[in-house]
Amino acid sequence: MVIPIALPILDESMGGGIPPGKSLLYCIQPGVEGDVFGMQTLYYGLENGYKAVYISTSSSPDYVRERFREFGWELESYEGQLDFVDAYSHFVGLDSNEKYVVDDPDDINNIDSVVIDATKNTSNSIIMCESLSSIMDMCGEIETIAKVNEWTRLSMLYDNTSIYNFTAWHYSDETIKKIRSEVFNSVIRVGGIGERVIFGQYFGVMKADWCEPSRKTFLFRIVRPGGVRVYIPKILVTGPFDAGKTTFVHALSTRAVSVDRFGTTVALDHGHIDHKGLSADIFGTPGQERFDPILKLLGGESMGVFLVVDSMRSNTFARAKDMLKLTKTFGLPCIVIANKQDVPGAAPPERIKIEMALPDDIPVVPVSSKEKTGVVEAFEMLVDNIMRGL
Amino acid sequence: MTDYELGIPDIDDALGGGIRGGTNILVLGPPMSGKDTIINNIIYHGLASKEAAIIVSTEESGEDMLEWFSNSGMSVDAYMNLFGIVDCVSATLGLDVKDTASIRRVSGPMNLTKISVNITNYFNEFWMKRGVRKARLCVNSLSTMLMYTNLQAIFRFLHVHTRRIKTANSIGFYIVEDGVHDAQTMETFKQLFDGIIKVEVEEGHQFMQIIGLTPQPTKWYEFAIDDDNKLNIKRRSDI
Ligand SMILES: Nc1nc2c(ncn2[C@@H]2O[C@H](COP(=O)(O)OP(=O)(O)OP(=O)(O)O)[C@@H](O)[C@H]2O)c(=O)[nH]1
Ligand SMILES: [Mg+2]
């Protein structure tokens with residue numbers, strides 16, 4: 001019986017879950033709340049009658065219980081099924097009443113003997129290591145990896161499924177390589193999107209040696225209570241009146257609706273795109289100035305923006321730039337859509353870039369929304385810019 | 001371009017108006033020399049200027065931190081939606097560890113992963129939800145963190161966060177006790193920072209100096225902390 005990861009999309013892409021004896025590593029970019037995935041798997045496992053061992057390496061078991069509680073997950077209800085290996089309390093001089101206690105949490109041999117003890121006392125269970133990186137910080141990279149190799153081997157013998165969290169600080173290349181490709185049966189990468197601040201988080205399977213995992217990347221949010229929620233990013237399409245926003249949204253979207261009257265948008269355009277495993281919701285704004293007051297409401301929570309301009313009408317470019325400010329999307333990843341390139345005499349992108357005095361990080365992409373050329377390229381470019389912080 | 005005022009007029013003047021966004025500053029001084037008060041004044045000036053502020057506190061609980069401000073005539077009540085504390089203390093004392101909107105607890109000063117998550121989440125909220133583009137981060141202190149984990153781990157942590165300060169055009173302050181750490185530790189830290197606020201105490205007088213942000217270090221300024229914990233530069237002294 002495989003242990004479900006408890007996130008349908010991950011279970012799907014990993015053959016239903018983690019088979020007994022296999023190990024899974026969450027390789028987490030610093031700052032991203034990636035340990036909730038493992039917590040969710042663990043809790044779901046408990047609910048379904050599995051036993052579990054939680055190795056707490058950087059917090060006391062009581063703190064861990066409190067953290068689970070934030071998500072609505074009461075570990076107390078499963079006291080009989082869950083044991084802690086407390087590899088923290090003695091380090092900060094706290095007492096511990098847990099079944100397994102490490103006396104010397106900065107001594108890898110001490111951790112090792114307690115973990116082995118706990119692993120051998122349980123089978124068909126979930127073993128969860130709170131933070132591999134904190135053990136490394138304390139005990140050394142090479143020393144820790146040597147022991148983890150042993151722990152995963154033992155888990156295999158006892159049919160335990162093991163889950164490790166690892167914060168990917170700048171460890172040595174050798175360590176990172178081993179962690180990502182050698183030590184574990186499967187690796188899921190959890191990262192953040194954004195350069196100035198991390199405004200989105202994603203995950204994707206990097207490796208799973210028991211199946212052919214899908215290469216998709218998913219965005220997610222952490223909700224309390226609740227846990228991990230897969231999240232569809234919002235992309236805004238704005239620009240001056242008649243620039244071709246509605247046409248662009250429809251050209252890009254797998255499905256779309258617009259609220260138009262007499263050929264102009266009076267509410268908004270809404271589309272949804274699925275492209276190469278990444279989905280996004282697309283929202284188009286009206287362009288007429290009489291709608292300016294509502295623009296700021298539409299821009300909220302966008303992760304990127306397409307600024308559509310009519311390549312024939314340079315007198316609207318100033319208005320176009322204003323609209324970035326009006327939608328409060330100024331500073332987000334942005335692509336300028338030089339639309340209507342099919343019309344003879346359309347200004348080339350390079351000229352638009354100069355006329356609009358755009359900064360280097362805002363590319364201008366030639367597009368004909370009418371003929372659907374350049375549309376997908378622009379989307380890929382924006383997603384790429386959104387993801388550049390990876 | 002100077003994006004951030006310290007709120008200490010003489011020193012802001014000496015720096016040509018303040019400090020550029022993207023700067024990471026080491027705050028170095030012997031224990032009890034007034035580093036915390038200086039930094040809290042600087043943080044408060046930011047809040048009062050409608051900038052965001054995040055304090056990673058390894059020595060005082062979040063509640064104690066807030067109380068310090070209100071007892072000091074620097075009430076932060078009006079700025080709570082711009083203020084975030086990462087409390088690394090409460091859990092180690094066995095106190096209540098429930099989070100509040102502006103106090104997020106981590107298990108202890110060595111839990112760099114959670115400290116990092118909380119800093120990141122605060123930055124994200126201030127930037128995305130509140131639309132605030134300026135933020136001050138203060139880590140108080142690296143010296144305590146060093147008692148719980150090793151230099152390399154802290155270096156890796158700082159490597160990430162000093163870079164984020166740079167790209168976000170924020171400013172960061174990192175407090176270190178002078179005369180406590182070995183030379184190698186100090187060298188390692190110094191690589192990460194653009195400047196130093198140096199604090200000294202001599203025969204009961206307190207002095208500060210800024211190094212690295214102007215072509216020459218500034219002169220030493222004598223300062224005093226009044227009953228309201230407000231920092232004042234003493235004018236007469238040209239040391
Ligand atoms: N030749 C050409 N015409 C286009 C293109 N894109 C849009 N149009 C035409 O431009 C006009 C305006 O297009 P819309 O998509 O409604 O423009 P909009 O920006 O949504 O307009 P508002 O919502 O009123 O601001 C329509 O007549 C479209 O057929 C294009 O790529 N080439
Ligand atoms: Mg329209």
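Residue numbers begin at 1 in each chain, while the letters A, B, ... track the order of the sequences.
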Polar pairs (donor with acceptor) under 3.5 Å from chain B to chain A:
from	atom 1	to	atom 2	distance (Å)
B/R105	O	A/Y63	OH	2.8
B/S107	O	A/Y88	OH	3.0
B/S107	OG	A/S58	O	2.4
B/N111	ND2	A/S58	O	3.4
B/T113	OG1	A/T167	OG1	2.7
B/S116	OG	A/G31	N	3.1
B/N124	ND2	A/I198	O	2.6
B/N150	ND2	A/D137	O	2.3
B/R156	NH1	A/E141	OE2	3.3
B/R156	NH2	A/D137	OD1	2.8
B/R164	NH2	A/P30	O	2.7
B/T167	OG1	A/E195	O	3.4

Proximal component of B/F126, with respect to chain A [non-hydrogen, under 4.5 Å]
neither
When the 4.5 angstrom heavy-atom criterion is applied to B/L112 and chain A, the contacting part is both
Note: vs chain A, highest number of non-hydrogen pairs under 4.5 angstrom among B/I119, B/V106, B/I154 is B/V106
Can you pull out the residues in residues 34-43 of chain B with any heavy atom less than 4.5 Å from chain A?
none
Residue A/I294 excluded, over 12 heavy atoms near CD1 under 6.0 Å
yes
